[in-house]
*Asks:* 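The following block contains the structure, expressed as structure tokens.
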Amino acid sequence: MSDRIEDLLGKLDLPAKIRLISGAGFFRFAGEPSIGLAEMPVSDGPSGVRGEQWDERDPSVSLPSGTALAATWDRELLTEIGALIAAEARRKDVYAVLGPTINLHRSPLGGRHFECFSEDPVLTGEIADAYVRSVQEHGVSACPKHYVANDSETERFTTDVIASERTLRELYLYPFERSVAAGAWMVMAAYNSVDGVTMTENALLDEPLKGEWGFDGVVVSDWTAVRSTTGAAKSNDIAMPGPWEAWGAPLEEAVRKGQVPESAIDEKVRRILRFAERVGGLNGEPKAVAPFTDAAAQQLVRAAAAKAMVLVANDGTLPLDKPARVALLGSAAAEPRFMGGGSATVIPAHTTSPLEGLSAALPVTYTPGVHLSENLIPVPLALVTDPETGTPGLSLRYLDGDEVLEAEHRTAGSLMLFGNPNAMAAKAIELRGRLRADAAGEWRIGLAGVGALSLSIDGETVLEDTVMPDGGDPVEMLLNPPQRFVTRTLAEGEEVDVLIRLTPGGGFPAMGITYAIGRPRRADDEEFAAAVELARNSDVAVIVVGTTEQIESEGFDRTDLALPGRQDELVAAVAAVNPRTIVVVNSGSPVEMPWRDDVAAVLLAWFPGQEFGAALADVLTGAAEPGGRLPTTWPKTMADVPVLNTKPNPDNTLPYDEGIHIGYRAWLKSGVAPAYPFGHGLGYTSWELSGLTVSGRTATVTVRNTGDRAGRQVVQAYLSREHSAVDRPVRWLAGFALVEAGAGETVTATIELPRRAFEHWTDTGWAVEPGGFTLHIGTSVMELPLTADIG
């Protein structure tokens, strides 16, 4: 391979080489026909493979969020998920998926907490290892991100993280080390700085990544993270998106002047060619990947969502035993969050809400009880007709003056257009659809976008406004632009013709446009009272609570851990009238639950992907085990959280003063008890652990299912070192094993304890402190009934 790459490299002049080290488009690596190098599309990939465009006409499978996948603690499941990701990538002509996101849960306020796996480096590393190996086994590249310490969103482009080398090595770098060991072909460099140097120019790209670890793949920048022309002398290999101006003509001039050595450019191109050869982009075809049928994909996502759900509390009410009447409550039951906001967003072909899923399995009566947000929702396909085709959907036109550049039939109310060539060329965009009211009352009819906006109803202009970015994060501007609306009183069945026009401004192309509506609804107090009364007269109440897109998303951090609106009040009121109240939490990261001890059961569903409702019905009825265990600690109150800050200091530094003590490590050090500890989770059976034996660094445990039904358990191994001369956590995860057993069955769990679990980082490298350690075995960081000495 080396001789071939050197031969191809020798055929390229300097301008050609410089073209290859930045993108050919927003989500596309550059090609070079003269040497048989194809352009290679890439796609965001943490929760599904979107492809180069956000387009509902080319939908994607929506997977459970990172926290949900890690909650399974299931390497084999990740292998299956990896195969699905690879199949989706091949279907969309994508050579690399930009994932997994393997930053750590340093603070529960982190905006992308939901997208990352865990607060623990070992669990994160294990899940990342399985993801990378599986995706790449099928000839599609994974891209672990964001290297490194991009653990919060506030000032994420410029924050300077200050962390000791030991902290970096033992925590934040470890999942990347595992990913490289798994064979990762690409790694993404982060926006932030570490110890004063922006990551795309940071020496950490050389050591340990490309040196000590032997990473021979491509380092790609996060989008717009390349800061300078002379930075091309450093170890970031591709500047995205492209063509990147700072690495175009200015870089060619810098090389000719000797400011950047051409040898640095050559090394980047070697890595790009090696990458292309691996993924089939160099004089070849990408490796064939067995496709997934829609049914197979849905079945896998449904099973994964159930395995991810964590039953943190249960008085025996679950699983439900044929209730006569179920009160289903909560705004999120009908309009849940399937995924987190930001670049992890995909557009699935279908979804199942808790209302849909439970209605198919149980005798359900629904009312929301509370309204989470005053925001409008994208107009549902069932309520809108394209006037051009007469079919469900919308008419979209791209205009240059009076000339129609292109017209499309679209089937979604919210359209993401950035990177769309028609949108880039258009001077204006029009979105039109005939709205049919399915209920009588006051409707809100509106729009969202950035630029000069107008709204017409039945030919009359009723709203005009100009919305410009306020200097915030561009991802937030794209995915959550301000809404504007008017109200109209409509009779049931009445139709109105709605036309929305967007003229881009402020130097921005048309990035997105939304046709939004708000249905008539009861007054807040009336709705609240109706929900409580429904719960009072039902056998069981199921309340789905959750966060909103304005709370958990890429682009900003959270400000608190409280559920929005009156959700806590609703749970308390319902629990007071129905002792069989089950709360399902639809959030990607921890929330406060002041009512947790007053309800019959609490089930954490995360952002579970497109099959939410079906998987929830499986779990609540007992058709499936709630198989998850916590990948992150859930606090009682935000005030208890030992590591919380995500905001940099006035000098833009964010010191990681807590060092190696984050997550459960910090909780153990503080001595404060959380609501639910790391590793915790209940199932529908009971377990007994016994017979711990240790041989070398291998631990075996006898695990007996003492209940009356089959189940799965995660047997966890932690180490501790009393009277250590080294600052250590009270306990730290060393390994784990997932077991399954039938009722009354006994199985053996075998846990390999790697040498690294005993090591700590010193000024001269990794070392093992002489003497013994204590091995703790159990089912959470706090439930550890078995111990043994280990050297």
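Everything quoted here is computed from the prediction, not taken from an experiment.
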*Asks:* Taking atom types as modelled and ignoring hydrogens, do the side chains of Ser152 and Thr154 form a donor-acceptor contact shorter than 3.5 angstrom?
*Replies:*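 Judged by distance alone, the side chains do not pair up.
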*Asks:* Of Leu534, Leu358, Leu355, which meets side chain to side chain contact (heavy atoms under 4.5 Å, CB included) against Tyr366?
*Replies:*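 Looking at Leu534, Leu358, Leu355, the match for Tyr366 under the side chain to side chain contact (heavy atoms under 4.5 Å, CB included) is Leu355.
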*Asks:* Salt-bridge test for Glu442 and Arg488: reply yes if a basic N is under 4.0 Å from a carboxylate O, no otherwise.
*Replies:*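 No, Glu442 and Arg488 are not salt-bridged.
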*Asks:* Under 6.0 Å from the six-membered ring centre of Tyr191 and within 45° of its axis: does the NZ or CZ of Arg156 meet both?
*Replies:*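 Negative - Arg156 is either too far from the ring of Tyr191 or too far off its axis.
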*Asks:* Regarding Arg432 and Asp386, does a basic nitrogen lie under 4.0 Å from an acidic carboxylate oxygen?
*Replies:*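 No, no charged N to carboxylate O under 4.0 Å.
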*Asks:* Would you sort out whether Glu554 and Glu153 count as a side-chain contact (heavy atoms from CB on, under 4.5 Å), showing the intermediate values?
*Replies:* CA-CA 7 Å; Glu554 177 181 351; Glu153 294 294 279; 3.4 Å; yes
*Asks:* If you count the non-hydrogen atoms of other residues, nucleotides and ligands that lie under 6.0 Å from CD in Glu494, is the total more than 12?
*Replies:*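 Counting other residues, nucleotides and ligands, CD of Glu494 exceeds 12 neighbours.
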*Asks:* Where do Val486 and Arg444 land on the side-chain contact (heavy atoms from CB on, under 4.5 Å) test, with the steps shown first?
*Replies:* CA-CA 6 Å; Val486 298; Arg444 292 176 294 163; over 6 Å; no
*Asks:* With no hydrogens and no angle check, just 3.5 Å: does a side-chain donor-acceptor pair link Thr547 and Ser587?
*Replies:*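 No, no side-chain donor-acceptor pair sits under 3.5 Å.
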*Asks:* Please give me the minimum heavy-atom distance between Val346 and Val61, naming the atom from each residue.
*Replies:*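 Scanning both residues, the minimum pair turns out to be CG2-O, 4.0 Å.
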*Asks:* Atom CE of Met188 and atom SG of Cys143: how far apart are they, to the nearest 0.5 Å?
*Replies:*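 So the gap between those two atoms works out to 4.5 Å.
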*Asks:* Partners of Glu356 by salt bridge (Lys or Arg N to Asp or Glu O under 4.0 Å), sequence neighbours excluded?
*Replies:*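 Here no residue qualifies.
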*Asks:* Taking the side chain as everything from C-beta on, heavy atoms only, tell me whether Leu399 gets closer than 4.5 Å to Glu430.
*Replies:*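 A side-chain contact under 4.5 Å exists here.
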*Asks:* Counting C-beta onward and ignoring hydrogens, is there a side-chain heavy-atom pair between Pro46 and Lys145 closer than 4.5 Å?
*Replies:*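 In short, these two side chains touch, coming nearer than 4.5 Å.
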*Asks:* Between Arg28 and Asp93 (salt bridge meaning N to carboxylate O under 4.0 Å), is one present in this structure?
*Replies:*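 Salt bridge absent between Arg28 and Asp93.
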*Asks:* With a 4.5 Å heavy-atom cut-off, do Phe29 and Val220 have their side chains touching?
*Replies:*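 Of all side-chain heavy-atom pairs linking Val220 with Phe29, at least one is under 4.5 Å.
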*Asks:* As an exercise, state the distance from OG1 of Thr345 to CZ of Phe338, rounded to the nearest 0.5 Å.
*Replies:*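 If I round to the nearest 0.5 Å, the distance is 13.0 Å.
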*Asks:* Are the side chain of Glu406 and the backbone of Tyr398 linked by a donor-acceptor contact shorter than 3.5 Å?
*Replies:*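 Side chain of Glu406 to backbone of Tyr398: no pair is present.
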*Asks:* Indicate yes or no: at least one non-hydrogen side-chain atom of Arg484 is less than 4.5 angstrom from one of Leu455.
*Replies:*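 No, their side chains stay 4.5 Å or more apart.
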*Asks:* Do the side chains of Val542 and Leu620 get nearer than 4.5 Å, heavy atoms only?
*Replies:*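 With C-beta onward as the side chain, the pair touches.
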*Asks:* Distance only, no hydrogens: is a donor on one side chain within 3.5 Å (strictly under) of an acceptor on the other, for Ser43 and Glu52?
*Replies:*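 The criterion, which ignores hydrogens and geometry beyond distance, is not satisfied for Glu52 and Ser43.
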*Asks:* Which pair of non-hydrogen atoms, one from Ser22 and one from Pro243, has the smallest distance, and what is that distance?
*Replies:*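 In this case the closest contact between Ser22 and Pro243 is OG-CA, 3.8 Å.
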*Asks:* Taking Ala614's backbone N and O only, do any of them form a donor-acceptor pair with Thr352's side chain (distance below 3.5 Å, no angle check)?
*Replies:*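 Flag set: sc Thr352 to bb Ala614 pair under 3.5 Å.
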*Asks:* In terms of side-chain geometry, is the basic nitrogen of Arg410 or Asp55 positioned less than 4.0 Å from the acidic oxygen of its partner?
*Replies:*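 Looking at Arg410 and Asp55, the cut-off is met.
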*Asks:* Is it true that the side chains of Gln298 and Asp294 contain a donor and an acceptor less than 3.5 Å apart?
*Replies:*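 Absent: no donor and acceptor within the cut-off.
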*Asks:* Working to the nearest 0.5 Å, report the span between OG of Ser414 and CG of Leu447.
*Replies:*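 The OG atom of Ser414 sits 11.5 Å away from the CG atom of Leu447.
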*Asks:* For residues Val49 and Ala89, report the shortest heavy-atom separation together with the two atoms involved.
*Replies:*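 Heavy atoms only, the tightest pair is CG1-CA, 3.9 Å.
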*Asks:* Do side-chain atoms of Asn420 reach the backbone of Ala423 as a donor and acceptor pair under 3.5 angstrom?
*Replies:*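 Side chain of Asn420 to backbone of Ala423: a pair is present.
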*Asks:* Using a strict cut-off of less than 4.0 Å between a Lys/Arg side-chain nitrogen and an Asp/Glu carboxylate oxygen, indicate whether Arg302 and Glu611 qualify as a salt bridge.
*Replies:*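 Salt bridge absent between Arg302 and Glu611.
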*Asks:* Would Phe27 and Trp54 count as a close aromatic pair, with their ring centres under 6.0 Å?
*Replies:*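 No: the rings miss the under 6.0 Å criterion.
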*Asks:* If we ignore hydrogens and angles and just use 3.5 Å, is the side chain of Gln483 paired with the main-chain N or O of Ala448 as donor and acceptor?
*Replies:*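 Checking the backbone N and O of Ala448 against the side chain of Gln483, no donor-acceptor pair under 3.5 Å is found.
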*Asks:* In chain order, what residues pass the side-chain contact (heavy atoms from CB on, under 4.5 Å) check against Val384, with sequence neighbours excluded?
*Replies:*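 Testing Val384 for side-chain contact (heavy atoms from CB on, under 4.5 Å), a comparison that skips the adjacent residues, returns Val379, Leu394, Tyr515.
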*Asks:* Any side-chain to backbone donor/acceptor pair from Glu388 onto Ser395? Under 3.5 Å, distance only.
*Replies:*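 No; zero donor-acceptor contacts below 3.5 Å.
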*Asks:* If you measure from OG1 on Thr365 to CG on Leu328, what distance do you get to the nearest 0.5 Å?
*Replies:*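 With rounding to 0.5 Å, OG1 (Thr365) is 9.0 Å from CG (Leu328).
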*Asks:* With side chains defined as the heavy atoms from C-beta onward, is the minimum distance between Val584 and Val545 less than 4.5 Å?
*Replies:*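 The answer is no; the side chains never approach within 4.5 Å.
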*Asks:* Please find the pair of heavy atoms, one from His113 and one from Ser589, that lie closest to each other, and give the distance.
*Replies:*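 Nearest pair, atom of His113 first, then Ser589: ND1-CB, 3.0 Å.
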*Asks:* Please report the C-alpha distance between Ser343 and Arg112 in whole Å, then the side-chain angles of each, then the deciding distance to 0.1 Å, and finally whether the side chain to side chain donor-acceptor pair (under 3.5 Å) criterion is met.
*Replies:* CA-CA 10 Å; Ser343 58; Arg112 291 176 90 166; 3.1 Å; yes
*Asks:* CZ/Arg521 to CH2/Trp443 distance, rounded to the nearest 0.5 angstrom?
*Replies:*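 Here the interatomic distance stands at 12.5 Å.
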*Asks:* Starting from the C-alpha separation in whole Å, work towards a yes-or-no answer on side-chain contact (heavy atoms from CB on, under 4.5 Å) for Arg90 and Val140.
*Replies:* CA-CA 8 Å; Arg90 186 63 69 242; Val140 175; 3.6 Å; yes
*Asks:* Verify, without hydrogens or angle tests, whether Glu592 (side chain) and Leu563 (backbone) share a donor-acceptor contact under 3.5 angstrom.
*Replies:*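 No: the side chain of Glu592 does not pair with the backbone of Leu563.
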*Asks:* How close do Val540 and Pro323 get, counting heavy atoms only, and between which atoms?
*Replies:*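 Between these two residues, the closest heavy atoms are CG1-CB, 4.0 Å.
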*Asks:* Show your reasoning for whether side chain to side chain donor-acceptor pair (under 3.5 Å) applies to Glu88 and Ser60.
*Replies:* CA-CA 7 Å; Glu88 285 281 279; Ser60 307; 4.6 Å; no
*Asks:* Any salt bridge linking Arg91 with Asp58? Criterion: basic side-chain nitrogen under 4.0 Å from a carboxylate oxygen.
*Replies:*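 A salt bridge is present here (some side-chain N lies under 4.0 Å from a carboxylate O).
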*Asks:* Verify, without hydrogens or angle tests, whether Ser538 (side chain) and Ala541 (backbone) share a donor-acceptor contact under 3.5 angstrom.
*Replies:*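 Pair absent, no side-chain N/O of Ser538 close to backbone of Ala541.
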*Asks:* If we ignore hydrogens and angles and just use 3.5 Å, is the side chain of Trp223 paired with the main-chain N or O of Phe26 as donor and acceptor?
*Replies:*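 Confirmed, Trp223 side chain pairs with Phe26 backbone.
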*Asks:* Under a 4.0 Å threshold between the charged nitrogen and the carboxylate oxygen, would Glu495 count as salt-bridged to Arg436?
*Replies:*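 The answer is no: the pair does not qualify as a salt bridge.
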*Asks:* Would you compute the distance between atom OG of Ser65 and atom CG of Leu63 and round it to the nearest 0.5 angstrom?
*Replies:*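 Spacing of OG (Ser65) from CG (Leu63) equals 10.0 Å.
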*Asks:* Apply side-chain contact (heavy atoms from CB on, under 4.5 Å) to Met240 and Thr224, showing your working.
*Replies:* CA-CA 6 Å; Met240 289 298 288; Thr224 74; over 6 Å; no
*Asks:* Under a 3.5 Å threshold, yes or no: a donor from one side chain and an acceptor from the other, between Glu115 and Thr101?
*Replies:*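 Result is yes, a qualifying pair exists.
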*Asks:* Hey, does Pro354 have a side-chain heavy atom less than 4.5 Å from the side chain of Pro336?
*Replies:*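 Pro336 vs Pro354: side chains touch.
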*Asks:* Can you tell whether the side chains of Glu408 and Arg397 come within less than 4.0 Å, N to carboxylate O?
*Replies:*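 Result for this pair is no, no salt bridge flagged.
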*Asks:* Looking only at atom types and distance, does a side-chain atom of Asn586 sit under 3.5 Å from a main-chain N or O of Arg337, one as donor and one as acceptor?
*Replies:*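 Checked: pair present.
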*Asks:* Do Thr391 and Thr385 have side chains that get closer than 4.5 Å, going by heavy atoms?
*Replies:*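 Answer no - side chains too far apart.
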*Asks:* Keeping the roles fixed (side chain from Asp557, backbone from Gly111), state whether a donor-acceptor pair exists under 3.5 Å.
*Replies:*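 The answer is yes, because a donor-acceptor pair under 3.5 Å joins these two groups.
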*Asks:* Trp606 and Ala308: which non-hydrogen atoms are nearest, and at how many Å?
*Replies:*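 Trp606 and Ala308 have their closest heavy atoms at NE1-O, 3.0 Å.
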